[in-house]
Amino acid sequence: MAAADDQDVVGVVHRGSVARPGAFRFLGGKITACERRRVVLLRRGRIQRRYAMYVVMGATGHVGSSVASNLLAQKQAVVVVTRDAAKAEEWRGRGADACVIDDVRSVDQLRQAFKRGRRAFLLNPPAPIDTDTDREERETVRCILEALQDSGLEKVVAESTGGAQPGERCGDLNVLYEFEQGLERQPIPAHCIRAAYYYSNFDGMLGQAKRGRLPSMYPADLKIPMAAPEDLGKIAARLLQESPADTGVTYAEGPERYSFADAALAFQQALGRPVALEVLPRTQWEEAFRELGFSPAAADSYARMTAATADSDFEVPGEPARGAVTLRDYIALLVEAEG
């Protein structure tokens, strides 16, 4: 789940071969920026068959940017997929290439982006909260799966969520489970990461913490799996570089589990002032989401997802992949960066 803006936020779990030089492929009668740059590089002799080993979705977000950064740090060739031309230029300045597409629903454009690499990191983008988020996110899952067809990729790694399960009206828990199942049914080897609660969900709560309160929908002492986005990106980058035979599901968490009381204490220590945890009763969850701008359908799904998480035993098969960043260190850096 993406971090929310600083408002009255409550703590929730979300969550091929190329054309020969001079030849152009057209999408809807108009050459894309991706294809134009590809042909230029071909003419300059800077690429042969595929000029990026790794394609990364979501690189303008917390986890995707960590995936791309980690691959670049290891001198890997990366192409990021984005809708933002300015962000694309920023990534080019960092040594990656970038493919600007209209929308993740633009299946042909997304498939052409996938064809620029051999392996891809997949991330289903969160839908706007004023829509029916389950319906919108199921549609983007469908488009990503369709774009994989005839992409020529040899392996994909997808971001999913801890607690993914079949069902209806439980947000990411259901939608990303269906994403996993869709990946399992298609022929490209796939590895899914069931990621813990992102520390970055606390980013939007900093303003409230500065005012001395941290709201939560979970019991104060309920310890849940959490992780830093940068650690999740490291895990994904590692899995992308492993053999295509390495498929399945990896659970990913931070060094230990934390409660919202732990988060309140971390804010208190970083800010040097008291921060009180305020637990919202379950009966008020759906209304709280509506007050934050969620549509009725989205508020219902997010409340159900939060309840399913709160009622979970958080058992995972085997030992999860663990990151190194602690919640205390993450929040300390967040406070320092914001001043």
Side-chain angles (χ1 to χ4, degrees), residues 2-3 5 16 18-19 21 24-25 27 30-104 106 109-126 144 147 151 153 156-159 198-200 203-204 228-241 323 325 330 333-334 336-339:
D5 293 332
V18 299
F24 293 85
R25 291 196 191 125
L27 301 175
K30 181 176 68 173
I31 190 168
T32 65
C34 276
E35 291 297 312
R36 187 180 299 111
R37 182 171 176 81
R38 189 182 196 192
V39 170
V40 167
L41 289 174
L42 276 166
R43 285 174 170 167
R44 292 176 180 172
R46 288 171 55 189
I47 58 172
Q48 295 180 358
R49 196 170 165 208
R50 292 175 182 261
Y51 68 84
M53 179 67 176
Y54 300 99
V55 179
V56 178
M57 296 183 67
T60 57
H62 292 285
V63 177
S65 63
S66 176
V67 176
S69 295
N70 275 279
L71 290 169
L72 288 172
Q74 297 173 59
K75 309 301 182 184
Q76 300 294 335
V78 175
V79 58
V80 301
V81 183
T82 179
R83 296 182 301 168
D84 189 323
K87 294 289 186 182
E89 285 305 313
E90 289 179 16
W91 276 107
R92 289 179 182 126
R94 295 176 59 183
D97 205 340
C99 184
V100 180
I101 65 174
D102 295 334
D103 186 86
V104 71
S106 303
Q109 291 181 354
L110 186 56
R111 182 181 293 118
Q112 293 303 324
F114 287 154
K115 285 185 175 184
R116 297 178 63 180
R118 296 178 61 190
R119 303 183 181 192
F121 174 73
L122 310 178
L123 189 148
N124 192 43
I144 293 169
S151 65
L153 290 168
V156 296
V157 172
E159 183 84 343
Y198 295 0
Y199 293 168
S200 52
D203 293 7
E230 52 263 49
D231 280 336
L232 296 173
K234 288 179 182 178
I235 292 167
R238 172 176 59 79
L239 291 172
L240 277 168
Q241 295 176 82
V325 179
Y330 180 90
L333 288 172
L334 172 65
E336 181 182 345
E338 292 293 327

* **OG on Ser65 to CG on Asn70, rounded to 0.5 Å** => 9.5 Å
* Does some side-chain heavy atom of Phe114 sit less than 4.5 Å from a side-chain heavy atom of Met57? -> yes
* Asked: Is there a side-chain contact between Leu122 and Val157, using heavy atoms and a 4.5 Å cut-off?
  -> no
* How far apart are the closest heavy atoms of Ala88 and Val100, and which atoms are they? -> CB-CG2, 3.7 Å
* Asked: With sequence neighbours left out, what residues match Phe121 under ring pair (Phe, Tyr, Trp, His ring centres under 6.0 Å)?
  -> none
* Going from SG on Cys99 to CD1 on Ile101, what distance comes out if it is rounded to the nearest 0.5 angstrom? -> 6.5 Å
* Structure fact -> CD (Glu230) and OG (Ser200) are apart, to the nearest 0.5 Å, by 8.5 Å
* Structure fact -> Applying salt bridge (charged side-chain N to carboxylate O under 4.0 Å, His left out) to Glu89 and not counting sequence neighbours gives Arg92
* Asked: Hey, are the side chains of Tyr54 and Gln241 touching, using non-hydrogen atoms and a 4.5 Å cut-off?
  -> yes
* May I have the step-by-step check of salt bridge (charged side-chain N to carboxylate O under 4.0 Å, His left out) for Arg83 and Asp103, ending in yes or no? => CA-CA 6 Å; Arg83 296 182 301 168; Asp103 186 86; 3.5 Å; yes
* Asked: Sequence neighbours excluded, which residues qualify as salt bridge (charged side-chain N to carboxylate O under 4.0 Å, His left out) partners of Arg94?
  -> none
* Asked: Should Met53 and Val79 count as side-chain neighbours, where that means a heavy-atom distance under 4.5 Å?
  -> no
* Closest approach of Leu240 and Ala120, non-hydrogen atoms and distance? -> CD2-O, 3.5 Å
* Asked: With distance as the sole test, does Gln109 use its side chain to make a donor-acceptor pair with the main-chain N or O of Asp102 at under 3.5 Å?
  -> yes
* Side-chain donor/acceptor of Tyr199 to backbone N/O of Val325, under 3.5 Å -> yes
* Structure fact -> The reported gap from CG in Asn124 to CD1 in Ile144 (rounded to nearest 0.5 angstrom) is 4.5 Å
* Asked: Do Leu110 and Val104 come close enough that some side-chain heavy atom pair is under 4.5 Å?
  -> yes
* When rounded to the nearest 0.5 angstrom, what is the spacing between OG in Ser66 and CG in Asp231? -> 7.5 Å
* Structure fact -> All heavy atoms of Trp91 vs all of Ala68, minimum pair found to be CH2-CB, 3.5 Å
* **Least distance between heavy atoms, Ala113 atom then Val55 atom** => O-CG2, 3.6 Å
* Nearest heavy-atom neighbours spanning Ala86 and Asp84 -> N-OD1, 2.9 Å
* Asked: To the nearest 0.5 Å, what is the distance between NZ (Lys234) and CG (Leu239)?
  -> 14.5 Å
* Asked: Does the pair Val78 and Asp97 meet the rule for a side-chain contact (heavy atoms from CB on, under 4.5 Å), with working shown?
  -> CA-CA 6 Å; Val78 175; Asp97 205 340; over 6 Å; no
* Minimum heavy-atom distance Gly64-Val56, with the two atoms named -> O-CG1, 3.6 Å
* **Polar side chain donor-acceptor pair, Asp203 to Tyr198, under 3.5 angstrom** => no
